[in-house]
Amino acid sequence: MTQVILPGKTIGMVGGGQLGRMVGLAARHMGYGFVVFSPESGSPAGQIADQEFVGSFDDLILFAQFAEAVDVVTFEFENIPCRSMQLLESLKSVHPSSHILETTQHRLREKTFLREAGIPVARFFAVNSIEELETAAASIGFNGVLKTAAFGYDGKGQCRIKSKSDLTAAWAVNKGVPCVLEEWVSFKKEISVMVARNALGEVAVYPAVENIHVDHILHMSISPARIDPAFMIAASELAVKIADKLKLVGILGVEMFYLDNGSLVVNELAPRTHNSGHHTIEASITSQFEQQIRAVCGLPLGPTYSVSPAVMVNILGDAWSDGVPPWDRILTDFPASLHLYGKSEPRPKRKMGHLTFTGSSQETLTLQAESVARKYRFTQF
C-alpha cells in the first residue's frame, strides 16, 4: 500500500539552497512542517525551516537524528553521498530513491542508463587517462566536450575540444579525474521538460521551455518553448518515458537539445526541481515545487497546464557590482514577480534570485526580460 504523508506531517529536505527554499515555501503553503539538512547554518532553505541540521553530508550520526525529526525525505541537489541517502532510506521514505540519485549524479552512469533505455543521446566515451581521451577524441573527429563524470553543474568541469591540440589542456583542467567525452551536438535550441511521477505511477508533465545560457549558466527560460508543436509532444513523451524507466517518485528535469535536423537528444537529468521550472510559480496551476511535495507525499499530482506565457530571467551576483540593485525602480519599470533567495554574499555568477514575467505576449515578455537583465547587469554578457 502506498504511504500517504498528509499535511501536518514534516518534510525533510537534504540541501539548503534556493531550490530547497522554494520547496519549503510550497510545503508551508500546504500545511506541512519543514526541516532542512545543510552544510551551512542560515542557508536559504534553513531560513524558512522549523529546524536546520547543520553538518557534513558524510555525518551519518547527524543524518540519523535528522531522520527522527521528519516523516519523509527528499533532496534539492545531487552532490550527496549515496551511503548517506541509503542510511536515510533505512529509516524513512526517501524520494527520489538513492538508486536514482546514484544514477544521475554521475554522467557515465546517467548516459549509460539513457542509452540502454532507448533514449536518444549524443555519442559518449568513458575517459580515465590522456591516452583514452586521445582515442575517444579521434573517433569523433576531435569535436566534443570533455566533462567530469561527477560534481559538475553550471558548466563547471567542462572543456570544449575542437582539435587535437586541445586535449592536453582539457585533461589538465579537469585534473585527471574520471571524465566523459561527449560528441558535440549542433542544435537550434536548448529545451527542458519537468515531469513528476508518484508511487502509483501517475505522471504529470509540464510544457517544454526554451533555455538560453550565458557562459554555461542559465540566463533565461521562455515558456512555452518556441518549437514546432509536434516536438513539444515528443519532448513530453521522452520525459515521461525516462521517469517511468527510473520508477521515479518525485520530480525530474530533463534537459534536451532540439537539433538542426528536427530531432531531439537528451543531454542531462536532474532528479529534483530545476532552474528552468521557476516560472511555474506564477504561470502554472501547480508549481514545480508544490508538485515535488505532492509526489513525495503520495498525494494526487496537480494540473500542469500554463495559465499564460512566461519568461524567467536569473539574477546573478553581478547585479550587486555597484551596490544593492534598485529594486523599487526595477519593479516600477518592469512588471514582474521578484524572488530573492536570502543569500548574504553576492558573487559573480552566483544565483541570487530571479524575475518572472507573465502576460499574453511572449515576444513582449522576452523583450522585457532581456531589457532588465542588460540594464541592471543580471548576468555576465
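Scope of the values below: all heavy atoms of this structure, side chains included, with no hydrogens, waters or symmetry mates.
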| task | Tell me, with the steps shown, if Val372 and Ile330 meet side chain to side chain contact (heavy atoms under 4.5 Å, CB included). | result | CA-CA 8 Å; Val372 69; Ile330 291 171; 3.8 Å; yes
| Run the side chain to side chain donor-acceptor pair (under 3.5 Å) check on His99 and Gln86 step by step: do they pass? | CA-CA 9 Å; His99 173 70; Gln86 290 164 354; over 6 Å; no
Same cluster or not: are [X] and [Y] linked, directly or through other Ile, Leu, Val, Met, Phe, Trp or Tyr residues, by side-chain heavy atoms under 4.5 angstrom apart?
X: Ile242; Y: Ile251; answer: no
X: Val72; Y: Ile293; answer: yes
X: Val73; Y: Tyr32; answer: no
X: Leu299; Y: Phe34; answer: yes
X: Leu60; Y: Leu101; answer: yes

Charged N to carboxylate O below 4.0 Å: is that the case for [X] and [Y]?
X: Arg226; Y: Glu210; result: yes
X: Lys92; Y: Asp71; result: no
X: Asp50; Y: Arg28; result: yes
X: Lys241; Y: Glu237; result: no
X: Glu345; Y: Lys343; result: no
X: Arg160; Y: Asp166; result: no

Under 3.5 Å, side chain of [X] to main-chain N/O of [Y], donor-acceptor pair present?
X: Ser263; Y: Leu259; value: no
X: Ser284; Y: Ser287; value: no
X: Gln362; Y: Ser223; value: yes
X: Asp59; Y: Leu62; value: yes
X: Asp318; Y: Lys349; value: yes
X: Thr135; Y: Glu132; value: no
X: Glu52; Y: Val36; value: no
X: His216; Y: His213; value: no
X: Thr273; Y: Gln288; value: no
X: Ser236; Y: Met232; value: yes

| task | Evaluate the side chain to side chain donor-acceptor pair (under 3.5 Å) criterion for residues Glu89 and Ser98: first the C-alpha distance (whole Å), next the side-chain angles of each, then the deciding distance (0.1 Å), finally the verdict. | result | CA-CA 8 Å; Glu89 278 182 325; Ser98 64; 2.6 Å; yes
| query | Considering residues, nucleotides and ligands other than Glu40, do more than 12 of their heavy atoms fall under 6.0 Å from its CD? | reply | no
| Other residues, nucleotides, ligands: >12 heavy atoms within 6.0 Å of Glu363 CD |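 No.
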| said: Lys164 vs Glu134, test: salt bridge (charged side-chain N to carboxylate O under 4.0 Å, His left out). Steps then yes/no. | reply: CA-CA 8 Å; Lys164 188 173 182 178; Glu134 290 171 350; over 6 Å; no
Atom pair [atom1]/[atom2] of [X] and [Y] - distance to nearest 0.5 Å:
X: Gln18; Y: Tyr341; atom1: CD; atom2: OH; answer: 5.5 Å
X: Arg272; Y: Thr104; atom1: CZ; atom2: OG1; answer: 8.5 Å
X: Trp320; Y: Phe378; atom1: CH2; atom2: CZ; answer: 8.0 Å
X: Leu246; Y: Ile100; atom1: CG; atom2: CD1; answer: 5.0 Å
X: Thr74; Y: Leu19; atom1: OG1; atom2: CG; answer: 11.0 Å
X: Asn79; Y: Phe57; atom1: CG; atom2: CZ; answer: 9.0 Å

| request: Given ring pair (Phe, Tyr, Trp, His ring centres under 6.0 Å), test Tyr258 with Phe187 step by step and report yes or no. | output: CA-CA 6 Å; Tyr258 178 52; Phe187 58 89; over 10 Å; no
Of all the heavy-atom pairs spanning [X] and [Y], show the shortest one and how long it is.
X: Ile191; Y: Ala225; value: CG2-CB, 4.2 Å
X: Cys179; Y: Val177; value: SG-O, 3.1 Å
X: Ala204; Y: Gln291; value: CB-NE2, 3.9 Å
X: Phe63; Y: Ser56; value: CE1-O, 4.3 Å
X: Ala64; Y: Leu87; value: N-CD2, 4.2 Å
X: Ser337; Y: Glu282; value: CB-OE2, 3.3 Å

| said: Working note: Ser192 + Ser276, criterion side chain to side chain donor-acceptor pair (under 3.5 Å); need CA distance, chi angles, decisive distance, verdict. | reply: CA-CA 7 Å; Ser192 59; Ser276 66; 2.7 Å; yes
| query | Can Ser186 and Asp260 be counted as having a side-chain donor-acceptor contact under 3.5 angstrom? | reply | yes
Using distance only, find each side-chain donor-acceptor pair of residues 304-315 under 3.5 Å and give its atom names and separation, not counting sequence neighbours.
| residue | atom | partner | partner atom | Å |
| --- | --- | --- | --- | --- |
| Thr304 | OG1 | Val205 | O | 2.7 |
| Asn314 | OD1 | Asn275 | ND2 | 3.2 |
| Asn314 | ND2 | Leu218 | O | 2.6 |
| Asn314 | ND2 | Asn275 | OD1 | 2.7 |

| query | What about the rings of Phe75 and His95, do their centers lie closer together than 6.0 Å? | reply |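 For Phe75 and His95, the ring centres are not under 6.0 Å apart.
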| task | Tell me, with the steps shown, if Leu252 and Leu269 meet side chain to side chain contact (heavy atoms under 4.5 Å, CB included). | result | CA-CA 7 Å; Leu252 177 76; Leu269 306 179; 4.1 Å; yes
| said: Go through it in stages, so that I can follow the logic: the residues are Asn174 and Thr148, the test is side chain to side chain donor-acceptor pair (under 3.5 Å), and I'd like the CA-CA distance, side-chain angles, deciding distance and then a yes or no. | reply: CA-CA 7 Å; Asn174 287 330; Thr148 54; 5.4 Å; no
| query | Once the angle between the rings of Phe53 and Phe66 is folded into 0 to 90°, is it parallel (under 30°), tilted (30 to 60°) or perpendicular (over 60°)? | reply |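 Perpendicular.
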| query | Hey, which of Glu182, Glu183, Glu110 is the one that makes salt bridge (charged side-chain N to carboxylate O under 4.0 Å, His left out) with Lys147? | reply | Glu182
| query | Can you check whether Phe124 reaches Arg115 side chain to side chain, under 4.5 Å on heavy atoms? | reply | yes
